[in-house]
Amino acid sequence: KYCPGLGLVHKAFLKNDTFLCACHGQETNHVPVWCMRQAGRYLPEFREFRAGKDFFETCRSPAACCELTLQPLRRFPFDAAIIFSDILVIPQAMGMDVQMVAGKGPTFPEPLKEPEDLLLLQPKVDVNKELGYVFKAITLTRHKLDGKVPLIGFTGAPWTLMAYMIEGGGSTTHSKAKRWLYRHPEASHKLLKMLTDVIVEYLLGQVAAGAQALQVFESHAGCLGPVEFQEFSLPYLRDIARKVKDQLKESGQDVPMIVFAKDGHYGLEDLSQSHYEVVGLDWTIDPRSARERTGGKVSLQGNMDPCALYAPKERISEIVKKMLEGFGTRGYIANLGHGLYPDMDPENVGAFVEAVHTHSRHLNLK
Ligand SMILES: Cc1c2[nH]c(c1CCC(=O)O)Cc1[nH]c(c(CCC(=O)O)c1C)Cc1[nH]c(c(CCC(=O)O)c1C)Cc1[nH]c(c(CCC(=O)O)c1C)C2
């Protein structure tokens, strides 16, 4: 298979393909595992490397992104790597200023306020020009990984990015962004469509650069109800998967896609029929009912409560065993229900990974 960023790529180069096999519902010796935010502040080496550097400057340095992506893999036998970057590089590429403020998180000094503000956004984004630094980071990381595990690329989903662009940062109610949905539905669809177009090009660029799987983060699904989800999130999630897959098919490529709509349990049936191979789950869904509701149509990923990592190691092991029994070992990728928090103990992350590998091997022998 020829990959523009990498030259000839054979599946045989991949020493551990359990993650990709599980995405496709194929049998594996053990259940693959990775963690959202596995490159993060819970690692002392991450804090040391990031110290004194601007967050988005770090995102713009392919060498820094590569190093931060590899750090967790030096400690733990994760079955996949996820490129270090952020979902907010897309609003930046569309012309918005986004800063990472210590102790506060991402901040937009000039968020979108009214529909007229859409005219301030770049109507057509050249992803190679604006986001080429992400593609370079992916290619460099693929080379450095040397086939150890596959590399996941990612993007924020349209609604989640729209919410940040209007709220100007994190929010508990998302009332400013939801105001647009109820008061300016047409302008909302216009913005969601603009975002979808950039996201499709961005994901295709990531695959061309060497990404072997793609995750779409709809982190703010939970503040929509089922009706608004149907109108303002799901159609765009579907469009993204369909368009990316159609394009990849033309060049004979098959890259599994994961959709993670946090707190969007009301949309589980629909998400399992949205052209994604994998549906990511947060911890509010019971594994057995998730299997029933998705009817074996997709692989599932998740969903241990990240806070369970505060438990003693023996308890983590028991929780993991129950989770594996609930999901079953086929078509399943173990993960947390959301990202790791900065105060988590790396040792317990190691215990989580080991418990997944050990218990799943045992269950497979039964
Ligand atoms: C490590 C990190 C990241 N972003 C931020 C941090 C912490 C800040 C720092 O290191 O200085 C700020 C950073 N970036 C963001 C936030 C959330 C702010 C908020 O809404 O309150 C923060 C603190 C926005 C963001 N950024 C991301 C999401 C989607 C996932 C999720 O729901 O958490 C979201 C919502 C994606 C993201 N962001 C990041 C990754 C790297 C790969 C990995 O998982 O290891 C990924 C996948 C990297």
Side-chain angles (χ1 to χ4, degrees), residues 16-38 76-80 82 149-150 152 213 215-218 221-222 256-274 276-309 311 313-340 348-366:
N16 174 355
D17 65 356
T18 49
F19 168 79
L20 293 180
C21 289
C23 287
H24 291 296
Q26 295 156 359
E27 260 176 67
T28 54
N29 281 329
H30 66 262
V31 164
V33 54
W34 67 281
C35 289
M36 289 187 270
R37 290 281 167 94
Q38 63 191 29
F76 314 114
F78 283 127
D79 296 287
I82 180 162
V149 291
I152 306 170
Q215 176 151 323
V216 180
F217 285 95
E218 187 71 289
M257 294 181 72
I258 308 165
V259 62
F260 173 62
K262 183 165 183 294
D263 294 324
H265 24 77
Y266 49 75
L268 191 52
E269 284 82 356
D270 282 325
L271 287 168
S272 72
Q273 297 172 54
S274 298
Y276 290 83
E277 281 78 4
V278 186
V279 175
L281 306 168
D282 63 76
W283 65 93
T284 60
I285 307 179
D286 167 70
R288 281 195 173 79
S289 84
R291 277 290 187 214
E292 275 165 31
R293 291 173 59 194
T294 54
K297 285 196 246 342
V298 284
S299 293
L300 296 175
Q301 174 177 281
N303 72 343
M304 189 174 86
D305 181 352
C307 292
L309 289 176
K313 287 181 197 155
E314 307 71 50
R315 182 82 187 102
I316 293 173
S317 172
E318 285 167 22
I319 294 169
V320 166
K321 184 161 178 274
K322 275 224 175 74
M323 179 169 80
L324 286 160
E325 286 164 354
F327 281 112
T329 56
R330 184 147 175 192
Y332 173 50
I333 299 147
N335 203 315
L336 304 173
H338 202 196
L340 285 156
N348 288 12
V349 176
F352 171 68
V353 174
E354 197 198 307
V356 171
H357 286 163
T358 308
H359 288 307
S360 63
R361 283 200 181 97
H362 276 139
L363 286 168
N364 277 344
L365 291 175
K366 273 189 190 165

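Keep in mind that the numbers below use all heavy atoms, side chains included, and drop hydrogens, waters and symmetry copies. Position 1 is the first residue of the sequence, and the numbers go up from there.
The number of heavy-atom neighbours closer than 6.0 Å to NE2 of H362, taken from other residues, nucleotides and ligands shown, is 12 or below. Other residues, nucleotides and ligands contribute over 12 non-hydrogen atoms within 6.0 Å of the CD atom of Q273. In this structure, N29 places its CG atom where only 12 or fewer heavy-atom neighbours from other residues, nucleotides or ligands lie under 6.0 Å away.
Pairing each heavy atom of S272 with each of V298, the nearest pair is O-CG1, 3.5 Å. M36 approaches N335 most closely through the heavy-atom pair N-OD1, 3.1 Å. Heavy-atom minimum distance, S317 versus A355: CA-CB, 4.0 Å. Nearest heavy atoms, A261 versus L271: CB-CD1, 3.8 Å. When all heavy atoms are compared, the tightest approach of L20 to P256 is CD2-CG, 3.8 Å. P32 and T28 make their closest contact through CD-OG1, 4.3 Å (heavy atoms, listed as atom of the first residue, atom of the second, distance).
The line from CD of Q38 to CZ of F78 is 4.5 Å long, rounded to the nearest 0.5 Å. We find the CG-CZ distance between L281 and R291 to be 9.0 Å, quoted to the nearest 0.5 Å. Taking NZ from K322 and CE from M304, the interatomic distance works out to 13.5 Å, rounded to the nearest 0.5 Å. In this structure, the separation between CZ on F260 and NE2 on H338 is 5.0 Å, given to the nearest 0.5 Å. Considering CE of M257 and OG of S274, their distance stands at 11.0 Å, rounded to 0.5 Å.
Under the side-chain contact (heavy atoms from CB on, under 4.5 Å) rule, F352 has a single partner from I319, V33, L340, which is V33.
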>> Using the rule given for side chain to side chain contact (heavy atoms under 4.5 Å, CB included), can you reason through K313 versus E354, listing the C-alpha separation, both sets of side-chain angles and the distance that settles it, and then say yes or no?
In response: CA-CA 10 Å; K313 287 181 197 155; E354 197 198 307; over 6 Å; no
> Checking salt bridge (Lys or Arg N to Asp or Glu O under 4.0 Å) for the pair R288/E292: CA distance, chi angles, key distance, verdict?
Replying inline: CA-CA 6 Å; R288 281 195 173 79; E292 275 165 31; over 6 Å; no
> Taking it one step at a time, do L324 and V31 satisfy side chain to side chain contact (heavy atoms under 4.5 Å, CB included)?
Replying inline: CA-CA 9 Å; L324 286 160; V31 164; 3.8 Å; yes
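Side-chain atoms of H30 and D79 form a donor-acceptor pair, as typed in the model, at a separation below 3.5 Å. Side-chain contact, H24 with S299: no donor N or O sits under 3.5 Å from an acceptor N or O.
The backbone N or O of S289 lies less than 3.5 Å from a partner atom in the side chain of D286, making a donor-acceptor pair. Judged by distance alone, with hydrogens and angles left aside, the side-chain atoms of N364 form no donor-acceptor pair with the main-chain N or O of K366 at under 3.5 Å. Counting only distance, with no hydrogens or angles, the side chain of N303 and the backbone of I285 share a donor-acceptor pair below 3.5 Å.
Using bins of under 30°, 30° to 60° and over 60° for the plane-to-plane angle, the ring pair W34/F19 lands in the perpendicular bin.
A heavy-atom distance below 4.5 Å is not found between the side chains of M323 and W283.
Looking at E318 and R315, a side-chain N of the basic residue comes within less than 4.0 Å of a carboxylate O on the acidic one, giving a salt bridge.
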